[in-house]
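In what follows, a single structure is set out as C-alpha cells and then discussed.
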Amino acid sequence: MRPAPTVLHLDMDAFFAAAEQAAKPSLRGKPVVVGGLGPRGVVATASYEARRFGIHSAMPMAQARRLAPNAAYLVPRFALYRTVSEQVMELLGRLSPLVEPLSLDEAFVDLEAGGSAADAASARATGERLRRDIRAVTGLTGSVGLAGSKMLAKIASEQAKPDGLVLIEPGTERELLGPMTVRTLPGVGPATGEHLRRAGMTTIADLTEAGEDELVRLVGKAHGTSLYRMASGHDDRPVVAERETKSVSVEDTFDVDLHDRVRVRTEVERLAERCVRRLRESGHSGRTIVLKVRRYDFSTLTRSETLRGPTDDPGVVREAAGRLLESLDTTGGVRLLGVGVTGLTDYTQEDLFAQAAADAEAAGATDAVDEPDPVVVPGEPEPRSDADAVAVADEVAERHWPAGHDVRHAEFGAGWVQGSGVGRVTVRFEEPTSAVPGRVRTFRTDDPDLELSEPLPLVAVPPDEEPGPGAPG
C-alpha cells in the first residue's frame, strides 16, 4: 500500500457506444447498443441512455431489443476503437513508463514512476488534466480513479462513472470498503459470493470482522489470506507495463447449428488458419493446440494436443485441430467452434513433424492463397469463401453492409449504414464534425457508387497540424 494515491485507473465511459455516438451526430443523446446483431448475438456495450432501459453488457441482443426496440443497434467497428485506444494509451504513456493496459478502454498507470504525482494534490491535478486531454484528442470521456493500490484505484474509477474523478485518500480504505458487497473484491465471483453469503458474510466489513482464520477455513488458505488482505485494503500488486501473452485463440458462433460433418471440419480448418495468422502477428509460436466445441444443448467440450515443439505452421495447427475434432461427437449440432494455441514462446521448433506438414502442403496441386479477414460480427458466422458465395448470396449481401459501418458515395460523400436487406441499403450521410444530423438515402446493395470506407477521425485535425500546400502527402 502506498502512502500517496499515485496509482491511476482509467476506464473510458461506455467506450464502443460512446465512440459511435461521437461519430454519428444523429445518435448523440439517444440509446445506442453495440454488439452482434444475429439471433445469438450479445451486447458488447450499451450507451448510458440505453442502460436506463436495463440493457447491459453480455445481455442477449434479442432481450435488449425487447427492452428498447427503438434504440440504434450497431455492429462493432474495431478499427475505430483500436485507433481511439491508441490515442488514449499514448496520453497515458506521457504520464509514466509504467502503463498496464487491461483492454482497449481500460488501464492502470503508475504516476510515481513517471514523476507525474507524489501526493494527493498533484495526483488529482494529473488526473483532471488527463481527462481534459482525452476529451480534446478523442472527443470522448473517461473516468479516473486514484488510490494507493490497483484494487482501490479501480473501485474509485467505478464510483467516478460517468465522466468523473474519485480519489481515495490512503488511510480511509477500510471505512470506504466496509459497506460494499463482497463481490466488489477481485476474485470474488458468483460461486464464492454465494458461499460467503451462506456463511453470513455479504459486505466487506463482514469479512474483516470474521478474521483471516475464519476465511481460510471457509475458502482455503491461499484464497482466504488474499481475501482478508484485500478486505482490509491491502493490495501490493505492482503496475506491470507488459503483460505476457498466454494464449491466442479465435472462435465463431453460428446463427444456425451446423450438422454437416464436412462443414464442421471446414470451419475448424478456417479457424485454425485465422488463429495462426493472429499467432504470427503477435510474434509467437505455441506447443498446445486447443479445440472448443459448443453443442446444440449448450454443453461445451474442449480437447487439446501438445506437440513435440512450438510451431506457427498453419498446416500443423490445422491438422492437429482436425484430429481433435475426430474425437468429438457433433451429430446433434454445433453452435460454436473455437481454435486456440497455448504454451507460447517467441521461437519456432523446426522439427520433422512441422517440416513434413509443410512439404505436404507444397506438394499440393494448388497453393493456398491468404485472403484478408472479412468484417466479423460477434455472435454471427463470418462470410464464407468465394466457393460458397452462390449458396449464401443473401447472407453475404447482408454482411457487406454491417449496420453502423462507414461508407462513401461518389456523389453524397461520407456516411454510415443504418440498415440493409432485400437488396437495399439505407445510408445516413453525416460525419463526426457535422453540425446537424445528416440526410438519409436508400440504394441498391450493388450500387457501384457506394463502397465501405475507413472510419473518420472523431475530432477534427487542427489546421496547424494539417500538411501545408508544399508538404508531402
Side-chain angles (χ1 to χ4, degrees), residues 1-14 43 46 48 51-52 54-59 100 102-103 105-112 120 123-124 127 142-240 243:
M1 241 352 245
R2 299 184 181 187
T6 55
V7 176
L8 180 149
H9 181 260
L10 170 72
D11 196 354
M12 299 295 287
D13 300 322
V43 174
Y48 285 98
R51 295 180 190 187
R52 297 192 188 107
I55 299 174
H56 57 77
S57 299
M59 172 182 285
E100 183 178 340
L102 304 180
S103 61
D105 63 334
E106 185 180 1
F108 286 110
V109 184
D110 187 335
L111 299 180
E112 183 178 321
R124 182 181 295 277
S143 295
V144 169
L146 292 158
S149 69
K150 292 168 71 173
M151 178 188 74
L152 290 169
K154 186 171 176 62
I155 290 173
S157 69
E158 188 64 30
Q159 291 185 327
K161 284 187 167 295
D163 190 22
L165 181 149
V166 168
L167 184 148
I168 298 176
E169 291 277 4
T172 65
E173 297 88 3
R174 293 189 66 160
E175 180 182 356
L176 171 78
L177 292 172
M180 294 182 178
T181 171
V182 295
R183 291 288 304 277
T184 304
L185 299 177
V188 180
T192 302
E194 177 60 20
H195 189 57
L196 294 171
R197 187 195 65 79
R198 289 198 299 268
M201 304 177 195
T202 58
T203 66
I204 295 176
D206 293 335
L207 301 181
T208 56
E209 290 173 8
E212 183 176 349
D213 292 342
E214 177 64 10
L215 293 178
V216 167
R217 187 186 69 80
L218 284 172
V219 298
K221 182 170 179 57
H223 198 183
T225 300
S226 172
L227 203 57
Y228 181 74
R229 285 183 57 79
M230 289 189 296
S232 302
H234 298 293
D235 176 21
D236 298 325
R237 293 175 299 160
V239 176
V240 181
R243 295 163 63 88

Passing option when L146 is tested against I168, L111, L152 for side chain to side chain contact (heavy atoms under 4.5 Å, CB included):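 By the side chain to side chain contact (heavy atoms under 4.5 Å, CB included) criterion, L146 pairs with just one of I168, L111, L152: L111.
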
Residue from V7, T184, L177 passing side chain to side chain contact (heavy atoms under 4.5 Å, CB included) with M151: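 Checked V7, T184, L177 against M151; only one passes side chain to side chain contact (heavy atoms under 4.5 Å, CB included): L177.
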
Side chain to side chain contact (heavy atoms under 4.5 Å, CB included) evaluation trace for V239 with V109: CA-CA 7 Å; V239 176; V109 184; 6.0 Å; no

Over all atoms of both residues, closest heavy-atom pair of P170 and P3: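 For P170 versus P3, the nearest heavy atoms are CG-O, 3.4 Å.
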
Which atom of S157 lies closest to which atom of H9, heavy atoms considered: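 Answer, listing the atom of S157 first, then H9: OG-ND1, 2.7 Å.
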
Working for side chain to side chain contact (heavy atoms under 4.5 Å, CB included), residues L185 and I204: CA-CA 8 Å; L185 299 177; I204 295 176; 3.7 Å; yes

Student check: side-chain heavy atoms of T202 and V182 closer than 4.5 Å: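 Counting from C-beta outward, T202 and V182 never come under 4.5 Å.
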
Any donor-acceptor pair under 3.5 Å linking the side chain of [X] with the backbone of [Y]?
| X | Y | value |
| --- | --- | --- |
| S232 | Y228 | yes |
| R229 | D235 | no |
| R51 | A46 | yes |

Report the distance from atom [atom1] of [X] to atom [atom2] of [Y], rounding to the nearest 0.5 Å.
| X | Y | atom1 | atom2 | result |
| --- | --- | --- | --- | --- |
| E173 | L176 | CD | CG | 8.5 Å |
| K221 | D213 | NZ | CG | 9.0 Å |
| L165 | Q159 | CG | CD | 11.5 Å |

Electrostatic pair R198-E194, nearest N-O below 4.0 angstrom: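 Yes.
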
Partner of D110 under salt bridge (Lys or Arg N to Asp or Glu O under 4.0 Å), chosen from K150, R2, R237: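 It is R2; the other options fail the test.
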
Donor-acceptor pair between D13 and S143 side chains, under 3.5 angstrom: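 Looking only at side-chain atoms, S143 and D13 do form a donor-acceptor pair, the distance falling under 3.5 Å.
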
